[in-house]
2 protein chains.
Amino acid sequence: MARAANGRTVTSKDVARVAGVSQSTVSYVMSGKRPISEKTRRLVQDAIDQLTYQPNAGARALASQRTQVIAVVVPFDSTLGAAGLMAFIEEITLAARQHDHDVLLVTAEEGGDGLRRVAGGALCDAIVVMEVRTADPRAAIARDLRVPTLFIGFPADADGLHCIDFDFEAGARLLVTELAAGRRVAVLGWGPEATERDLNYVPRFRRAAQEAAAAQGVALDWVPVERDRVEAQVQDVLAAGHRSLLVTTELTRVVHAVRSAGLQPGTDLDLVALATDADATGFPVPVTAVSTHPRDVSRQAMAWLFGLLEGNSGEAQVRSVPASITRRRSVRDPLPGPTPPVPPA
Amino acid sequence: MARAANGRTVTSKDVARVAGVSQSTVSYVMSGKRPISEKTRRLVQDAIDQLTYQPNAGARALASQRTQVIAVVVPFDSTLGAAGLMAFIEEITLAARQHDHDVLLVTAEEGGDGLRRVAGGALCDAIVVMEVRTADPRAAIARDLRVPTLFIGFPADADGLHCIDFDFEAGARLLVTELAAGRRVAVLGWGPEATERDLNYVPRFRRAAQEAAAAQGVALDWVPVERDRVEAQVQDVLAAGHRSLLVTTELTRVVHAVRSAGLQPGTDLDLVALATDADATGFPVPVTAVSTHPRDVSRQAMAWLFGLLEGNSGEAQVRSVPASITRRRSVRDPLPGPTPPVPPA
DNA sequence: TTGTATGCGTTATCAC
DNA sequence: GTGATAACGCATACAA
């Protein structure tokens with residue numbers, strides 16, 4: 001519709017009048033859903049340009065049952081941190097625009113009702129849910145929504161749902177392997193907040209890390225990091241003689257604490273992390289890390305989602321995004337050879 | 001509309017049928033735009049509940065010319081950083097929901113076309129533009145959009161626009177005053193990226209800082225921080241004998257660098273910053289800082305915006321959100337007295 | 001206090 | 001290849 005210079009709204013009817021064709025022809029020119037002679041196509045297109053016509057989204061949605069909108073459920077208080085969240089959101093938005101869709105924000109705070117609201121009100125054509133919990137009430141709700149819903153993360157009962165996530169298990173194996181040259185490993189892992197939140201990737205990572213350590217015959221201590229006690233916790237770990245640290249959260253504070261203790265990663269001890277590249281490289285000594293690749297996860301999620309919207313409905317399923325490790329300078333004796341492939345379970 | 005158990009869409013007509021009233025009555029019950037007898041109100045409400053009816057957003061928008069959507073233009077690559085951005089977005093989303101609106105994300109990358117797209121297509125009732133530039137082409141475009149547009153930041157030509165921002169001038173004065181006990185001040189200020197981006201608050205802050213320093217008879221050196229050279233730049237500044245540092249960006253790296261040089265803020269030198277509370281308190285020695293209060297700015301922006309939408313159209317104008325300083329432990333001899341009020345220009 | 005009827009701006013089915 | 005025309009689901013002016 002847009003607005004004409006005179007302030008009135010421009011509709012496809014106006015375009016039709018100017019172009020000297022019927023309104024339906026205008027619609028078909030825009031959608032390309034039926035053959036149009038080159039002559040009328042030009043006529044219509046010129047009228048559109050001249051009037052700067054833009055179709056009315058509401059009317060279009062009403063008539064076509066398509067909103068061209070993807071709703072994204074955002075956990076603003078995510079333990080992921082703002083940077084990770086933004087990476088997800090940006091990538092999702094980009095992908096959406098590439099498919100001529102827009103993104104509607106829904107706060108995770110709204111819970112399952114939020115899903116019902118945007119789906120039931122026909123505000124969107126699909127939903128992306130971030131930071132899924134193990135026992136996530138939204139799983140059941142999503143099952144009988146009128147729109148396809150994609151979960152980033154794996155709920156315990158993923159049956160009939162579309163779920164995708166980073167391969168935390170493989171990430172854990174890579175990190176443990178990188179450290180475990182016969183030394184015992186201390187994991188500065190997600191703490192109470194993450195556990196209380198029932199984040200599904202925490203146990204996934206933890207179990208895989210423990211299994212990998214066991215398989216290599218080294219001990220693994222899991223220290224649940226508390227945001228406000230990092231300094232003390234790191235001191236304890238170091239005092240206990242640990243010199244192989246695996247950090248999954250609060251990397252900045254941990255590195256600070258290590259340096260406060262007069263130790264240097266890569267020189268006095270080994271430190272690896274699960275962190276974004278930006279976080280891992282933000283220190284004087286860049287940290288060897290497995291990135292959770294939020295952008296890759298988002299991209300794949302959106303590719304999948306648009307596949308679903310185009311009818312390649314595909315069975316509900318669960319997908320993983322591969323892990324890889326980037327060696328930097330925070331480990332004293334990196335294992336020989338190039339960055340290893342993902343180790344099998 | 002939602003969906004009935006049978007999978008069909010539920011409309012207000014269905015509700016009307018079940019309640020034994022006319023469709024318009026259903027509409028009026030929902031909107032409250034005309035008196036309804038308690039009896040039929042109950043009838044209708046029961047039918048709504050029973051059918052879990054939800055109005056169709058597209059139809060509603062089409063009929064009412066109201067989308068109940070606020071578009072937010074997000075600069076994903078903001079120098080503000082992810083945390084700041086998220087704070088803005090969250091607060092905007094919360095405010096929107098409180099007014100029964102939703103938030104549509106638009107990437108700043110789309111530029112002025114993005115504004116035209118969402119306004120012209122009737123995808124939203126209003127637009128919020130973040131991170132406005134001094135010479136911002138979106139200013140001119142916003143002037144003849146069919147929806148009210150609120151700028152967070154001040155373009156050079158704010159005429160006829162609604163603009164709001166943190167009071168960077170007052171912030172600068174507070175920070176300089178806090179440091180300027182006769183010592184010269186080094187400002188580790190926004191660097192090339194911010195300058196190239198033509199961010200309007202950079203010159204605002206800088207000019208005010210310089211004037212405040214001049215007024216107090218102290219010298220002020222402005223060092224444009226380059227993300228990858230922070231360490232060296234800080235060393236230079238310290239080598240030059242500076243012991244009063246004012247940081248506007250990259251606080252984490254600067255503090256790292258200072259500590260690497262063997263100095264401790266609050267003990268060996270004074271350090272104040274323009275930073276969010278979260279950033280300022282993330283160090284062993286919490287930093288005396290002026291917060292840009294992204295949440296306050298957002299809240300006020302949204303309050304203003306909804307005022308506009310409700311017809312309190314108000315003249316176009318420019319508004320500032322007051323600055324205040326929080327004293328922590330990074331300054332050796334804090335000025336006596338409580339946190340001072342905003343100094344006049 | 002309630003019902004009837006029209007319009008919002010598209011899409012898509014018929015008919016030509 | 002093109003033009004009428006009937007939905008789409010709701011809001012609201014007009015009647016009663």
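Reminder, nothing fancy here: chain letters follow the sequence lines and each chain counts from 1. Every value quoted in this text rests on a predicted model; they were computed, and no experiment measured them.
- Within residues 34-45 of chain A, the residues approaching DNA chain C are A:R34, by heavy-atom distance under 4.0 Å.
- Backbone-only engagement by A:V21 is indicated by non-hydrogen atom pairs under 4.0 Å involving sugar-phosphate atoms exclusively.
- Heavy-atom neighbours of A:E109 CD from other residues, nucleotides or ligands within 6.0 Å: at or below the threshold of 12.
- Counting to the nearest Å, the C1' atom of C:dT10 and the NZ atom of A:K33 are 12 Å from each other.
- Relative to the axis of its first five pairs, the axis of the last five pairs of the helix from C:dT1-D:dA16 to C:dC16-D:dG1 sits at 40°, rounded to 10 degrees.
- For the residue pair B:T79 and B:E131, the shortest heavy atom distance occurs at N-OE1, 3.8 Å.
- As rounded to whole Å, 14 Å separates atom P of C:dT4 from atom OH of B:Y28.
- Within the 4.0 angstrom heavy-atom criterion, base atoms lie near A:S27.
- Applying the 4.0 Å criterion to OP1 and OP2 of D:dC10, one finds that B:S12 has a side-chain N or O inside that range.
- Checking the phosphate oxygens (OP1, OP2) of C:dG9, no side-chain nitrogen or oxygen of A:K13 falls inside 4.0 Å.
- Classified by interplanar angle (parallel below 30°, tilted 30° to 60°, perpendicular above 60°), the ring pair A:F306/A:H101 is perpendicular.
- The CZ-P distance, from A:R66 to C:dA12, rounds to 10 Å in whole Å.
- Just one of B:V128, B:T107, B:V129, B:L105 meets the side chain to side chain contact (heavy atoms under 4.5 Å, CB included) condition when paired with B:V73; it is B:V129.
- Mapping B:L62 and B:T25 onto DNA chain D by nearest heavy atom places B:L62 at the nucleotide closer to the 5' end.
- Considering only side-chain N and O atoms, A:Y53 lies under 4.0 angstrom from the phosphate OP1 or OP2 of C:dT10.
- Judged by distance alone, with hydrogens and angles left aside, B:Q23 brings a side-chain donor or acceptor within reach of the base of D:dA11, the pair sitting under 3.5 Å.
- Looking at heavy-atom distances under 4.0 Å, A:S64 makes contact with sugar-phosphate atoms alone, never a base.
- Using a 4.5 Å cut-off on side-chain heavy atoms (C-beta onward), A:D165 and A:V321 make no contact.
- With contacts defined as side-chain heavy-atom distances shorter than 4.5 Å, the pair B:V21/B:V26 qualifies.
- A donor-acceptor contact under 3.5 angstrom links the side chains of A:D49 and A:Q45, judged on distance only.
- The distance from atom CZ of A:R299 to atom CD of A:E91, rounded to the nearest 0.5 Å, is 4.5 Å.
- The CZ atom of A:R60 sits 18 Å away from the C1' atom of D:dG9 (whole-angstrom rounding).
- For B:R42, the CZ atom sits in a loose shell: 12 or fewer heavy atoms of surrounding residues, nucleotides or ligands are nearer than 6.0 Å.
- In this structure, B:N56 atom CG and C:dT10 atom P are separated by 16 Å, rounded to whole Å.
- The side chain of B:S22 places an N or O atom within less than 4.0 Å of a non-bridging phosphate oxygen (OP1 or OP2) of C:dG3.
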